[in-house]
Novice: 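Got a structure here, written out as structure tokens. Questions coming.
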Amino acid sequence: MHSKLTSPEQRLKLRGRRFSVCSVFSLSVCHMFLIMPIEAYAIDESRLWLPVSQQKYYLDLKAAAESAEELDVCVTVLRGTLDREQSSVDHPIYRILCRRDDGVSYNEMVDGVTFETLTNVKRSSGELSEEELEKLRLEKLLRKKKYTKLCEEEFKHATRTMNKLQRLTPPNPEPDMYDGEVASYSYNFDAESMQRQPLHFSAICSVNQHGEVAVEIVRRK
């Protein structure tokens with residue numbers, strides 16, 4: 001796991017080590033060393049996403065991502081956005097997707113006013129407690145239920161004009177794929193053409209990490 005500098009004292013110590021290097025390197029090499037950024041692991045801003053209407057929160061989102069990245073458990077910030085469900089106009093909450101040292105990803109919630117991390121308390125240990133793991137499990141379960149409901153509603157809307165629609169897949173099916181962030185569902189159904197010919201369809205519903213839903217309907221053999 002990479003080391004993280006979180007205090008002025010640590011930054012001063014690093015600068016001190018840099019100046020001591022000047023005694024063994026040439027002036028030009030020393031200058032190049034000194035102008036290197038102290039934060040070697042800066043946040044990849046391409047991983048931070050906000051809709052156009054919420055761009056005013058961008059700098060705060062970046063600060064929230066940096067706060068999450070300071071946690072020992074958060075090795076890499078994979079994605080960051082505003083949590084629209086938990087946020088209010090005066091109190092934004094940011095959802096930062098982190099990758100742990102063991103490769104498992106999880107959501108770190110960050111208070112948009114204090115920039116304190118809400119999922120994990122800053123501490124030296126990189127391990128998640130049983131309580132935190134249970135919290136993550138429940139978050140993942142609740143998100144799946146939300147995605148299932150969104151796709152069920154979108155499927156009904158997309159097929160509302162179908163003639164004599166007959167569902168073959170029961171309501172609220174289990175997702176074909178769900179990784180905690182994105183999901184996809186499939187629905188098989190039959191209908192009739194205007195000429196009363198039988199038609200067979202499949203609908204594929206996808207939900208991305210921002211809760212945006214899309215349905216594609218294709219012919220089924």
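The structure presented is a predicted model; accordingly, all values stated were derived computationally and were not measured.
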Novice: So which atom in V215 and which in F155 form the shortest heavy-atom distance, rounded to 0.1 Å?
Specialist: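 For V215 and F155, the tightest heavy-atom pair comes out as CG2-N, 4.2 Å.
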
Novice: How long is the gap from OG on S206 to CE on M177, to the nearest 0.5 Å?
Specialist: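 It is 7.5 Å, given to the nearest 0.5 Å.
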
Novice: Would you name the heavy atoms of F189 and I217 that are closest together and state the gap between them?
Specialist: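 Looking at all heavy atoms of both residues, the shortest contact is CZ-CG2, 4.1 Å.
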
Novice: Would you say the side-chain atoms of R47 pair up with the backbone N or O of D44, donor to acceptor, closer than 3.5 Å?
Specialist: no

Novice: How long is the straight-line distance from OG of S105 back to CZ of R79, given to the nearest 0.5 Å?
Specialist: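 One finds 8.0 Å between CZ of R79 and OG of S105.
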
Novice: Treating R143 as the side-chain partner and G180 as the backbone partner, does any N or O pair qualify as donor plus acceptor under 3.5 Å?
Specialist: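 Yes; at least one donor-acceptor contact below 3.5 Å.
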
Novice: Kindly compute the distance separating SG (C74) from CG (D101), expressed to the nearest 0.5 Å.
Specialist: 11.0 Å

Novice: Without swapping roles, check the side chain of T159 against the backbone of M162 for a donor-acceptor pair under 3.5 Å.
Specialist: no

Novice: Taking Y57 for the side chain and Y94 for the main chain, is one N or O donor matched with an acceptor at less than 3.5 Å?
Specialist: no

Novice: So which of V113, L118, L82 actually passes side-chain contact (heavy atoms from CB on, under 4.5 Å) with I93?
Specialist: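 Going through V113, L118, L82 one by one, the side-chain contact (heavy atoms from CB on, under 4.5 Å) with I93 is satisfied by L118 alone.
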
Novice: For Y58 and L50, indicate whether the former's side chain and the latter's backbone hold a donor-acceptor pair under 3.5 Å.
Specialist: no

Novice: Are E134 and R137 ion-paired here, with the side-chain N under 4.0 Å from a carboxylate O?
Specialist: yes

Novice: Between R84 (side chain only) and H210 (backbone N and O only), is there a donor and an acceptor less than 3.5 Å apart?
Specialist: yes

Novice: Do the side chain of Y147 and the main chain of E181 share a donor and acceptor less than 3.5 angstrom apart?
Specialist: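 Yes, the answer is positive, given that a donor and an acceptor are paired below the 3.5 Å cut-off.
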
Novice: Output yes when a side-chain donor or acceptor of T117 lies under 3.5 Å from a complementary backbone atom of T119, and no otherwise.
Specialist: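 Here the side-chain-to-backbone pair does not exist.
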
Novice: If every non-hydrogen atom of T148 is compared with every non-hydrogen atom of Y185, which pair is closest and at what distance?
Specialist: OG1-OH, 2.7 Å

Novice: Shortest non-hydrogen contact from A68 to V110?
Specialist: CB-CG2, 4.3 Å

Novice: Can you establish whether the number of heavy atoms outside E85 located under 6.0 Å from its atom CD is more than 12?
Specialist: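 Not buried by this count: 12 neighbours or fewer within 6.0 Å.
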
Novice: Give a yes or no on whether the backbone of D102 and the side-chain of R100 come within a donor-acceptor separation of less than 3.5 Å.
Specialist: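 No: the side chain of R100 does not pair with the backbone of D102.
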
Novice: Do Y178 and L97 share a hydrophobic cluster, counting only Ile, Leu, Val, Met, Phe, Trp and Tyr and linking them when any side-chain heavy atoms are less than 4.5 Å apart?
Specialist: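 Not linked; separate clusters.
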
Novice: To the nearest 0.5 angstrom, please state how far the CD atom of Q166 sits from the CD atom of E192.
Specialist: 10.0 Å

Novice: Could you walk me through whether R220 and D190 pass salt bridge (charged side-chain N to carboxylate O under 4.0 Å, His left out), step by step?
Specialist: CA-CA 9 Å; R220 192 182 85 252; D190 294 336; 3.0 Å; yes

Novice: Strictly distance-based, threshold 3.5 Å: is any side-chain N or O of D176 a donor or acceptor partner for the main-chain N or O of S186?
Specialist: yes

Novice: Shortest non-hydrogen contact from N172 to E152?
Specialist: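 Shortest heavy-atom separation between N172 and E152 comes out as N-OE1, 2.9 Å.
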
Novice: How many angstroms lie between CZ in R219 and NE2 in H200, if you round to the nearest 0.5 Å?
Specialist: 9.0 Å

Novice: Establish whether L78 and V73 are linked, either directly or via other cluster members, by ILVMFWY side-chain heavy-atom contacts under 4.5 Å.
Specialist: no

Novice: Is E174 atom CD crowded by more than 12 heavy atoms from other residues, nucleotides or ligands, each under 6.0 Å away?
Specialist: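 Counting neighbours around CD of E174, 12 or fewer heavy atoms of other residues, nucleotides or ligands fall under 6.0 Å, so no.
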
Novice: Between the side chains of R95 and E108, is the shortest nitrogen-to-carboxylate-oxygen separation below 4.0 Å, so that they form an ion pair?
Specialist: no

Novice: If every non-hydrogen atom of I96 is compared with every non-hydrogen atom of L61, which pair is closest and at what distance?
Specialist: CD1-CD1, 4.0 Å

Novice: How many angstroms lie between NZ in K135 and CG in L133, if you round to the nearest 0.5 Å?
Specialist: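 K135 NZ to L133 CG: 12.0 Å, rounded to 0.5 Å.
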
